[in-house]
Amino acid sequence: MSHGFVAVQWNRRKLLYDLCIWACVALYLALFIGASDLAGADALSAPIVLMRALSTCAFLMLNVILCIGPLARLSPRFLPLLYNRRHLGVSMFVVALLHAALAIYWYHGFGVINPLASIAIVGGDFPFQLLGAIALAILFLMAATSHDYWNATLGGPLWKAIHMLVYPAYALIIAHILFGALQQNDTGFAPWMAMASVCVVGGLHILAALFKSGADFHAAKSSAETSWLDLCDWHDIPINRAQIFALRGAERVAVFRYRDNAGATKIAAVSNVCQHQNGPLGEGRVMDGLITCPWHGYQYRPEDGCSPPPFGEKIPTYRVKVEGARVLLDPAPLPAGSPRPVVEIPGEK
Amino acid sequence: MMADKKSPEKPDKPFFVGYLPMPAALARFYWPLALLLLAAAAAAGHFWAMQQQSAGEATWRPAAPEVLRGVLTLRPYPALHRFHPQNPGRIESVLLVGQGKHAANLPARFDGRAVAIRGAEILRGNWRMLEIPSVTENENGHENSGENSGTISLAEIPDENALRAELGFESLGGVVFRGEIADSKCFLGVMKPGAGAVHKACAELCLLGGIPPMLVVQNAQREKFGYLLLNTDGTSAAKSLAPLAAESVQVRGELLRQGDLLFVKMNAGGLARF
């Protein structure tokens with residue numbers, strides 16, 4: 001959480017995560033280069049082999065990155081993969097950058113035109129290198145702004161919008177492959193990999209969307225008599241967990257049933273969107289009396305939507321009331337960090 | 001309204017928070033997964049590398065420069081012609097190119113003269129090319145022994161006049177070929193593979209730099225043949241063909257031979273994509 005900014009807030013989890021990333025990268029590159037024919041008269045050029053090793057490695061890493069989001073939505077078991085996904089993204093950018101640098105040096109260097117300028121000048125009617133260069137520029141923007149400092153400075157929505165550019169970047173990279181390696185007569189494997197990538201990444205996203213819309217989200221129904229929305233029976237909300245409700249024309253609301261530190265059972269509603277990276281708070285849980293985001297562990301008090309001191313994050317809150325067993329919600333959000341009465345369920349300990 | 005049917009009071013699933021110890025149930029899942037990912041990375045690297053195909057037998061020896069002697073011709077493309085070392089009855093013509101993506105820039109006064117040239121050999125099949133570093137000449141313009149010898153110098157070779165007499169262009173008639181326009185330097189061995197769509201930008205820059213353009217024709221047995229391409233007036237077609245580098249074309253023209261180099265002098269309108 002953002003009490004202060006340091007380059008990397010290392011912990012054991014992040015160290016193991018990064019160790020695993022770079023061990024996989026090193027193994028992939030070593031096996032690719034080792035299995036390539038680099039000796040003898042029919043050897044491939046070493047820079048081209050390295051270029052291919054780096055490009056395929058970065059592409060596989062991008063596919064893993066894109067699959068983590070939907071996997072984590074399909075099963076919370078995959079949330080630890082999401083926790084340090086930014087390090088995987090920056091690592092992927094570094095590998096892609098090495099590929100690009102080598103390609104520019106080898107294919108565009110030593111000529112009569114500036115190598116960087118030549119990317120836009122040569123290459124025919126549809127220069128596939130340009131597609132890759134634009135994708136790399138997007139990945140650079142994402143890597144450069146991946147730190148929490150930029151998240152806090154730019155604000156969650158803008159930061160999130162920038163990082164959603166990974167999808168246009170992915171589309172550009174697929175086009176980079178389609179108009180480049182896939183046109184090469186001797187790379188018959190590339191079409192299959194591109195097709196498999198689109199099927200797996202696209203399929204997982206569709207599955208996640210279907211799974212979530214069908215099982216976890218509940219459209220709130222409005223009462224004809226008042227502006228309060230009748231949400232659910234409070235028994236249906238798991239203890240220390242939430243149900244998420246989609247309000248028409250507004251964002252999603254997470255309604256938590258939790259036991260506070262004194263053991264009383266309470267109902268509180270807050271915005272479903274974590275201020276950190278827009279994580280789904282309603283998929284988190286209440287720990288030590290604090291709503292805890294499933295993505296990076298950011299915490300908020302149910303009473304007022306504020307992170308506990310010394311942290312400064314705030315989220316909008318909602319008023320709720322309980323009539324009988326029914327939970328009712330005032331759909332008008334209160335400003336971020338606004339305290340309001342939290343409903344205690346009598347007799348529930 | 002759909003309700004979550006799971007029992008609210010049943011034991012909670014493990015919940016991961018990055019800065020807290022990982023729940024034991026998740027740790028039991030992630031250690032095997034990490035090992036699986038490592039094995040998958042290694043297998044994927046090996047498997048993908050094995051999908052690469054050979055670019056053919058070709059060699060570039062930048063670390064072992066050779067000195068070749070013969071008669072130099074500068075047009076349409078710089079070449080050194082000599083009687084073949086293993087078959088003196090046959091002429092071997094060695095294309096000359098500069099370093100990087102540049103043509104060989106040789107002084108005009110050496111044109112038609114017997115010279116010694118030092119450079120890095122590029123070999124593919126019966127083709128021999130020499131990559132010449134930036135041209136330096138020795139002080140008196142003649143070949144010296146030792147380190148003072150320049151990149152190019154005049155030389156004395158046996159049967160010089162007989163060799164020069166063989167270097168006229170011979171017409172072999174009209175031809176129609178289909179193939180890919182490649183830059184001869186990369187195709188003959190500097191880059192492997194040195195052809196195809198991925199190599200297009202490089203090939204285009206090579207041709208813009210004056211490297212001789214070559215039409216690479218493949219027969220039914222997948223054997224490759226290279227023909228140097230000339231404009232309709234018989235001059236270098238390197239720059240005019242640069243936009244078509246790495247593309248498949250049909251060329252109609254006149255087949256010419258000089259030494260053992262084969263050229264296609266393109267007819268007007270004799271070039272088309274296919």
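In what follows, chains carry the letters A, B, and so on, assigned in the order in which the sequence lines appear, proteins first and then strands, with residues in each chain numbered from 1.
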More than 12 foreign heavy atoms under 6.0 Å from CH2 of W31(B): is that the case here? no

With a cut-off of 6.0 Å (strictly less than), are more than 12 heavy atoms of other residues, nucleotides or ligands near CG of N126(B)? no

Using a 6.0 Å cut-off, check whether atom CZ of F225(B) has over 12 heavy atoms from anything other than its own residue. yes

Of all heavy-atom pairs linking M287(A) and L20(B), the shortest is CE-CD1, 3.6 Å

Who in residues 204-211 of chain B is close to chain A, using a strict under-4.5 Å heavy-atom cut-off? E204(B), L205(B), L208(B), G209(B)

Heavy-atom distances under 4.5 Å only: say whether A242(B) touches chain A with side chain, backbone, both or neither. neither

Separation of M22(B) CE from L16(A) CG (nearest 0.5 Å): 8.5 Å

Tell me, side chain or backbone of L29(A) under 4.5 Å from chain B's heavy atoms, or both, or neither? neither

Where do L26(B) and P80(A) come nearest, in terms of heavy atoms and distance? CD1-CG, 4.2 Å

Among S118(A), A43(A), C20(A), A53(A), which has the most heavy-atom pairs under 4.5 Å with chain B? A43(A)

Chain B shares the most heavy-atom pairs under 4.5 Å, among D233(A), L31(A), V49(A), N84(A), with L31(A)

Smallest separation among heavy atoms of G18(B) and N11(A), with atom names: O-ND2, 3.7 Å

Residues forming a ring-ring contact (aromatic ring centres under 6.0 Å, His included) with W48(B), sequence neighbours excluded: F189(A)

Minimal non-hydrogen separation, V122(A) against A201(B), with atom names: CG2-CB, 3.7 Å

Check against side-chain contact (heavy atoms from CB on, under 4.5 Å), S36(A) and Q52(B): CA-CA 8 Å; S36(A) 299; Q52(B) 301 176 102; 2.8 Å; yes

With a 4.5 angstrom heavy-atom cut-off, could you sort out which part of I119(A) is near chain B: side chain, backbone, both or neither? neither

Shorter than 4.5 Å, heavy atoms on both sides: which option in I121(A), L81(A), V25(A) has the most such pairs with chain B? L81(A)

Ranking A103(A), A30(A), G109(A), P76(A) by heavy-atom pairs under 4.5 Å to chain B gives rank one to G109(A)

Run V112(A) and K101(B) through side-chain contact (heavy atoms from CB on, under 4.5 Å) and show every step you take. CA-CA 7 Å; V112(A) 292; K101(B) 297 176 171 68; over 6 Å; no

Tell me, with the steps shown, if F32(A) and F47(B) meet side-chain contact (heavy atoms from CB on, under 4.5 Å). CA-CA 8 Å; F32(A) 192 110; F47(B) 179 73; over 6 Å; no

For F110(A) and Q99(B), run side-chain contact (heavy atoms from CB on, under 4.5 Å): C-alpha distance rounded to whole Å, both residues' side-chain angles, the deciding distance at 0.1 Å, then the answer. CA-CA 8 Å; F110(A) 314 107; Q99(B) 286 187 318; over 6 Å; no

When rounded to the nearest 0.5 angstrom, what distance separates NZ in K192(B) from CG in L38(A)? 10.0 Å

Within a reach of under 6.0 Å around CG of N87(B), are more than 12 heavy atoms found that belong to other residues, nucleotides or ligands? yes

With only heavy atoms counted, which part of I48(A) is less than 4.5 Å from chain B, the side chain, the backbone, both or neither? side chain

Given side chains that start at C-beta, do those of F78(A) and F29(B) come closer than 4.5 Å, heavy atoms only? yes

Non-hydrogen atoms of chain B under 4.5 Å away: do they reach the side chain of C57(A), the backbone, both or neither? neither

When only pairs under 4.5 Å are counted, which of M50(B), R124(B), M191(B) shares the most heavy-atom pairs with chain A? M191(B)

I'd like to know whether Y30(B) forms a ring pair (Phe, Tyr, Trp, His ring centres under 6.0 Å) with Y17(A), so could you lay out the CA-CA distance, the side-chain angles of the two residues, the decisive distance to 0.1 Å, and finally the verdict. CA-CA 11 Å; Y30(B) 272 96; Y17(A) 195 109; 9.0 Å; no

Is the NZ or CZ atom of R13(A) positioned over Y19(B)'s six-membered ring, under 6.0 angstrom from the centre and within 45° of the axis? no

Note: vs chain B, highest number of non-hydrogen pairs under 4.5 angstrom among L27(A), D42(A), D37(A) is D42(A)

Partners of K200(B) by salt bridge (charged side-chain N to carboxylate O under 4.0 Å, His left out), sequence neighbours excluded? E247(B)

Going from OG1 on T292(A) to CZ on F15(B), what distance comes out if it is rounded to the nearest 0.5 angstrom? 6.0 Å

Nearest heavy-atom neighbours spanning A197(B) and G180(A): CB-O, 4.2 Å

Give me the contact list for residues 35-43 of chain B versus chain A, heavy atoms only, anything under 4.5 Å, ordered by residue number. L37(B), L38(B), A41(B), A42(B)

Per-residue contact mode, W295(A) against chain B (heavy atom under 4.5 angstrom): neither

